[in-house]
Protein chains: 2
Amino acid sequence: MLHPPKSKTLNKFLQFLSGATLMTRLSHLKVRLTHSQRQIYTLLSQTDGAMTAQAIYQRFQTQQKSMGLATVYRALRTLQIKGLVQARAQPNGEWVYTLTTEDRHYLTCLNCGASIPVEECPVHAFEEKLAQTSQFQVFYHTLEFFGLCAPCTQRLGS
Amino acid sequence: MLHPPKSKTLNKFLQFLSGATLMTRLSHLKVRLTHSQRQIYTLLSQTDGAMTAQAIYQRFQTQQKSMGLATVYRALRTLQIKGLVQARAQPNGEWVYTLTTEDRHYLTCLNCGASIPVEECPVHAFEEKLAQTSQFQVFYHTLEFFGLCAPCTQRLGS
DNA sequence: TAAATAATGATTATCATTCTCACTTTATCG
DNA sequence: CGATAAAGTGAGAATGATAATCATTATTTA
């Protein structure tokens, strides 16, 4: 049984969700978010681009009510398991976090680490099919092309 | 760790390459590999599945001629820039390395970290088109679906 | 309201990865 | 060839992001 979301934050966030994955994500919404989780979710929704856990921590340090570093990591993990937030590893090893509604297709340079978002994506239909045919509950996917960007190709000679 | 065994020799490896990306990778094969790089390449070609840098280091420790840890990391980075080796971040933060000929499509559970290879892939054509229309030199791509595996979905109640 | 449960924060611990620097090997070129 | 430059290597230390600990506080549940 599904409890309908009641808070305004959740309603706003629902506007982001669409399509077949909506139901799977909704099933997780009945679990209330803690204060910290909601704060982080709100921050990510207001931020252009991705943030590292450390950056999120720093941001809350500058506010009246700070948030412990451990809480940031715990909340991010919980938000991921709820399907609301995704993590992506950068070549330098740091993880960046975004809402699962953000861009998630990149050209990533193996040399300088630059990540260029790709607009097009041929796999949304595949994702839905996969979610139906496998027991796996798909929240989001990442399609990443690795190689060398033009400047680095030139710089390295080849 | 979770990859099915694949073919290993350089000749066989070349069979996997096709179309536009073949030339770009061949251009890198001309560059000589150092002794360490070749050793790591050979090890990966003889290993089923992916290895962490630490595991590679350990493996060479047990042999007569050991290899420094820094060298392992340096060689892996160089092999990546040459387009011969790919790295993939696991949810626990560790990186695993495989030849760029291995499977690279997964269902990854956000809770337990299990990665299940997916055979099908709808983006190979897209990759070639992308390599031609962008200045980016594509070595390989990763298509990863994140969510919860069946056991974890049940375990977490939902 | 009281007891049970979950979340939090300050701190410490962990550990994969990178850096440093002295040394060795390989490449370049007169 | 030899000399010199350039690149690669290894041992160990430093880095830094993330996880673990544990006492305390907030939130649910009955």
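Each chain gets a letter, A, B and so on, in the order its sequence line appears, and its residues count up from 1. Computed over heavy atoms, backbone and side chain alike; hydrogens, waters and symmetry mates excluded. This one's a predicted model, so the numbers in the text were calculated from it and none came from an experiment.
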| task | Give a yes/no on whether any side-chain N or O of B:T34 is located under 4.0 angstrom from OP1 or OP2 of D:dT9. | result | yes

| query | D:dT18, C:dC19, C:dA10: which one has an atom nearest the side-chain heavy atoms of B:A70? | reply | C:dC19

| request: Starting at atom CD of A:Q54, determine the distance to atom C1' of D:dA17, rounded to an integer number of angstrom. | output: 6 Å

| message | Rounding to an integer number of Å, can you tell me how far B:Q90 CD sits from D:dA19 C1'? | response | 16 Å

| field | Interatomic distance where CD belongs to B:Q39 and C1' belongs to D:dT9 [whole Å] | value | 12 Å

| query | In whole Å, what is the span from the OH atom of A:Y73 to the C1' atom of D:dA19? | reply | 9 Å

| message | Assuming nearest nucleotide by heavy-atom distance, tell me which of B:Y97 and B:R74 is located more 5' along DNA chain C. | response | B:Y97

| request: Would you please say whether a donor-acceptor pair under 3.5 Å links the side chains of A:Q137 and B:T153? | output: yes

| query | Would the B:F146 and A:F139 ring centres measure less than 6.0 Å apart? | reply | no

| query | Heavy atoms under 4.0 Å, any strand shown: does B:A53 hit a base, just sugar-phosphate, or nothing? | reply | sugar-phosphate

| Are B:K129 and A:E120 within salt-bridge range, i.e. N to O under 4.0 Å? | yes

| request: Give A:T52 one of three labels, base, sugar-phosphate or nothing, depending on what nucleic acid heavy atoms sit under 4.0 Å from its own. | output: nothing

| note | Closest to the side chain of A:M67, out of C:dG9, D:dA19, C:dT17, is C:dG9

| request: Using a strict cut-off of less than 4.0 Å between a Lys/Arg side-chain nitrogen and an Asp/Glu carboxylate oxygen, indicate whether A:R104 and B:E144 qualify as a salt bridge. | output: no

| field | Rounded distance in Å - CD (B:E94) to P (D:dA19) | value | 12 Å

| query | How many Å lie between CZ on B:R38 and C1' on D:dG8, as a whole number? | reply | 15 Å

| remark: Per nearest nucleotide of DNA chain D, the residue lying toward the 5' end, B:Y57 or A:G93, is B:Y57

| For A:Y97 and A:E102, does a side-chain donor sit closer than 3.5 Å to a side-chain acceptor? | no

| Taking only side-chain nitrogens and oxygens of A:S36, does any of them come within less than 4.0 Å of OP1 or OP2 of C:dT8? | yes

| message | Judged by each residue's nearest nucleotide on DNA chain D, which is more toward the 5′ side, B:K65 or B:P91? | response | B:K65

| request: Measure the distance from NE2 on A:H35 to P on D:dT28 and round it to the nearest whole Å. | output: 13 Å

| field | Whole-Å gap separating C1' (C:dT14) and CG (A:L69) | value | 14 Å

